[in-house]
Amino acid sequence: MNATTLFLDPGSESRLVCPACALAYPAGAPVSECESCGALLEVLHPRPADGAAALRSPAPAAALDASGAAGASGVWRYHQLVMPAATDVVSWPEGRTPFVRSEAVRQWTGVADLRIKHEGMNPTGSFKDRGMTAAVTHAVHTGARAIACASTGNTAASLAAYAAIAGLPALVLVPEGKVATGKLAQATAYGATVLLVDGDFDSCLELVRAASRELGVYLANSVNPWRIEGQKTIAWELLGQTGWDSPPDWIALPAGALGNTGALGKALREAHALGALPRVPRILSVQAAGAAPFAQGFEHGFAERVRVHAETVASAIRIGDPASWERGVRAIHETNGAVAAVSDDEILDAKAVIDAAGIGCEPASAASVAGVRALRSRGVIAADATVACILTGHLLKDPDTTIAYHGGSGARANPPVRISADLREIRRLVPSA
Ligand SMILES: *Cc1c(COP(=O)(O)O)cnc(C)c1O
Ligand SMILES: [Zn+2]
């Protein structure tokens with residue numbers, strides 16, 4: 001990995017830089033794409049004075065907001081490498097999610113050592129909160145009057161909550177009929193204006209990017225470089241939990257727009273450049289087979305950008321034209337990573353195993369575990385590998401898919417049992433002593 005241009009001189013101010021043409025923008029500018037070449041911008045920070053310690057033993061960030069919430073945040077503890085100039089941050093707080101083992105899930109994947117980072121345990125039930133705390137804080141700093149996103153559901157839920165905390169109006173654009181019940185309920189209840197668009201996610205994103213350009217509403221999608229800054233903390237927190245000196249061989253995550261893949265790549269790049277990380281874990285991005293442009297690109301060495309019409313039960317990753325394509329490619333290249341595609345049946349099987357282990361997740365999240373099993377069986381992941389799987393969203397996000405699965409004929413279906421109100425009906429179900 002090339003460490004030369006990852007940090008600015010100590011004492012300087014963070015800035016936005018175009019990775020394609022090197023044009024720079026002040027950190028306070030509400031821009032996501034380069035005005036000259038259109039590439040997505042990225043944030044560069046000054047090198048922290050305490051070097052690797054900024055990640056390995058971050059100082060508490062108690063004074064960043066009035067309520068004190070940020071002091072408990074798993075994002076703002078890394079503020080030096082997220083948004084060093086932040087004050088009055090909008091924090092729930094988020095992050096500090098569990099990192100657990102399950103023998104049942106490990107066995108199903110076939111790897112020697114599997115741990116699960118449950119990002120569904122964030123305040124609105126998905127990892128999106130880590131990026132949203134940074135983006136909404138930035139929006140407030142830039143004087144935004146309104147903030148908007150296109151969403152398959154979780155970004156909408158998260159934005160709606162953080163905008164409500166900040167007292168900013170939120171507009172969320174979602175594909176009508178394609179958003180899981182829990183997510184739609186959240187966005188509505190948190191008070192966002194929910195716009196049901198007659199189109200898919202990709203057309204919602206196109207529309208909201210135009211609204212941002214033409215109408216000046218602050219754009220909260222993961223094209224926004226501050227979303228990436230917040231989401232990097234998944235990786236740093238995970239490495240703190242494994243121990244910085246013993247990182248996993250692989251980190252697996254589901255991939256849609258590729259913002260999170262890009263964030264993970266940037267987190268590992270920066271950690272390595274600071275000397276915090278002895279070796280860089282390989283990223284495994286997993287897509288649903290019906291929405292797998294990145295996996296198709298990977299098969300051809302990323303020779304060209306691929307777009308597809310997306311269809312999958314995993315609605316959070318039902319994305320045909322990933323906006324953070326270049327960020328994703330860089331993350332896979334730099335970590336010697338891999339991209340896999342798994343079928344909806346594999347996703348639902350993985351979800352059933354994760355759910356029945358008492359952990360639980362939404363369908364898209366289970367793609368990470370299904371991808372590990374698939375690459376283990378193909379020999380890409382070695383039998384003795386250590387693997388960390390990121391579960392991106394909570395079980396309760398998509399109750400309809402879960403209930404439909406358990407009412408069906410799948411091998412792991414656990415249909416409810418209808419009984420009359422009679423004790424004998426229960427007696428025959430109780431294991432005898
Ligand atoms: C947003 C989301 C993803 C995909 O993340 P990208 O950054 O779009 O690749 C995966 N799983 C869940 C639950 C999500 O909400
Ligand atoms: Zn540019």
Side-chain angles (χ1 to χ4, degrees), residues 16-25 31-42 117-122 124-132 149-159 174 179-180 182-183 186-187 201-202 205 220-224 227-228 230-232 234 252-266 283 285-288 291-295 310 312-328 331-332 339 347 351 360-371 389-398 401:
L16 295 162
V17 175
C18 174
C21 77
L23 213 62
Y25 302 77
V31 288
S32 295
E33 52 200 85
C34 177
E35 285 161 9
S36 168
C37 77
L40 297 183
L41 301 177
E42 66 174 21
K117 177 88 175 136
H118 208 326
E119 288 295 303
M121 301 305 280
N122 272 293
T124 78
S126 83
F127 75 88
K128 299 297 199 299
D129 295 341
R130 291 187 188 257
M132 208 54 77
C149 72
S151 179
T152 60
N154 281 330
T155 301
S158 184
L159 171 60
V174 299
V179 177
K183 306 174 187 182
Q186 286 179 292
F201 168 81
D202 299 298
L205 181 60
N221 278 96
S222 60
V223 293
N224 181 323
R227 283 274 310 274
I228 305 299
Q231 289 170 207
K232 291 185 308 189
I234 301 173
L253 81 172
L258 301 175
N260 217 23
T261 297
L264 194 53
K266 189 167 191 276
I283 295 176
S285 281
V286 188
Q287 299 206 289
F294 195 50
T312 167
V313 69
S315 57
I317 51 175
R318 192 188 281 144
I319 291 171
D321 184 11
S324 286
W325 181 274
E326 300 297 342
R327 291 170 174 164
I332 299 301
V339 187
I347 289 173
K351 173 173 153 56
C361 65
E362 69 164 282
S365 307
S368 60
V369 170
C389 265
I390 298 173
L391 296 183
T392 42
H394 197 279
L395 169 64
L396 291 175
K397 288 284 191 174
D398 189 351
T401 299

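Quantities reported herein were computed from a predicted structural model and do not represent experimental measurements. First listed ligand is number 1; within each ligand, the first listed atom is number 1.
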If you measure from [atom1] on [X] to [atom2] on [Y], what distance do you get to the nearest 0.5 Å?
X: Lys128; Y: Thr152; atom1: NZ; atom2: OG1; result: 5.5 Å
X: Phe127; Y: Leu264; atom1: CZ; atom2: CG; result: 10.5 Å
X: Ile319; Y: Leu205; atom1: CD1; atom2: CG; result: 8.5 Å
X: Tyr25; Y: Ser32; atom1: OH; atom2: OG; result: 11.0 Å
X: Asn122; Y: Arg130; atom1: CG; atom2: CZ; result: 5.5 Å

Closest heavy-atom contact between [X] and [Y]?
X: Ala316; Y: Asn154; value: CB-ND2, 4.5 Å
X: Pro322; Y: Gly256; value: CB-O, 3.4 Å
X: Thr155; Y: Cys149; value: CG2-SG, 3.8 Å

Need the ligand 1 atom indices (1-based, order shown) with element for anything under 4.0 Å from a heavy-atom of [X].
X: Glu362; result: 13 (C)
X: Thr392; result: 10 (C), 11 (N), 12 (C), 13 (C)
X: Ala257; result: 6 (P), 8 (O), 9 (O)
X: Lys128; result: 1 (C), 2 (C), 3 (C), 14 (C), 15 (O)

With a 4.0 Å heavy-atom cut-off (strictly under), which part of [X] contacts ligand 1: side chain, backbone, both or neither?
X: Lys397; value: neither
X: Ile317; value: side chain
X: Asn154; value: side chain

Regarding ligand 1, does [X] bring an N or O atom to under 3.5 Å of one of the ligand's N or O atoms?
X: Thr261; value: no
X: Ala364; value: no
X: Leu258; value: yes
X: Asn260; value: yes

Should [X] and [Y] count as side-chain neighbours, where that means a heavy-atom distance under 4.5 Å?
X: Asp321; Y: Pro293; answer: no
X: Phe201; Y: Ser315; answer: no
X: Ser36; Y: Cys18; answer: no

Nearest-neighbour protein heavy atom for atom 5 (O) of ligand 1, which is reported as residue plus atom name and distance =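 Answer, as residue, atom name and distance: Phe127 CZ, 3.5 Å.
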Are side-chain N/O atoms of Gln231 and Lys266 paired as donor and acceptor at under 3.5 Å?
->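 Their side chains do not contain a donor-acceptor pair, so the 3.5 Å distance test is not met.
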Dump the intermediate steps for side-chain contact (heavy atoms from CB on, under 4.5 Å) on Ser126 and Thr392, then the final yes or no.
-> CA-CA 6 Å; Ser126 83; Thr392 42; 5.9 Å; no
For atom 9 (O) of ligand 1, which candidate among Ser158, Ala156, Gly256, Gly125 holds the nearest heavy atom?
->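 Considering heavy atoms of Ser158, Ala156, Gly256, Gly125, the nearest to atom 9 (O) of ligand 1 sits in Gly256.
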With a 4.0 Å cut-off on heavy atoms, does Ala255 reach ligand 1?
->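 Heavy atoms of Ala255 do come under 4.0 Å of ligand 1.
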For the Zn ion (ligand 2), state how many protein N, O or S atoms fall inside a distance shorter than 2.8 Å.
->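 The number of such protein atoms is 4.
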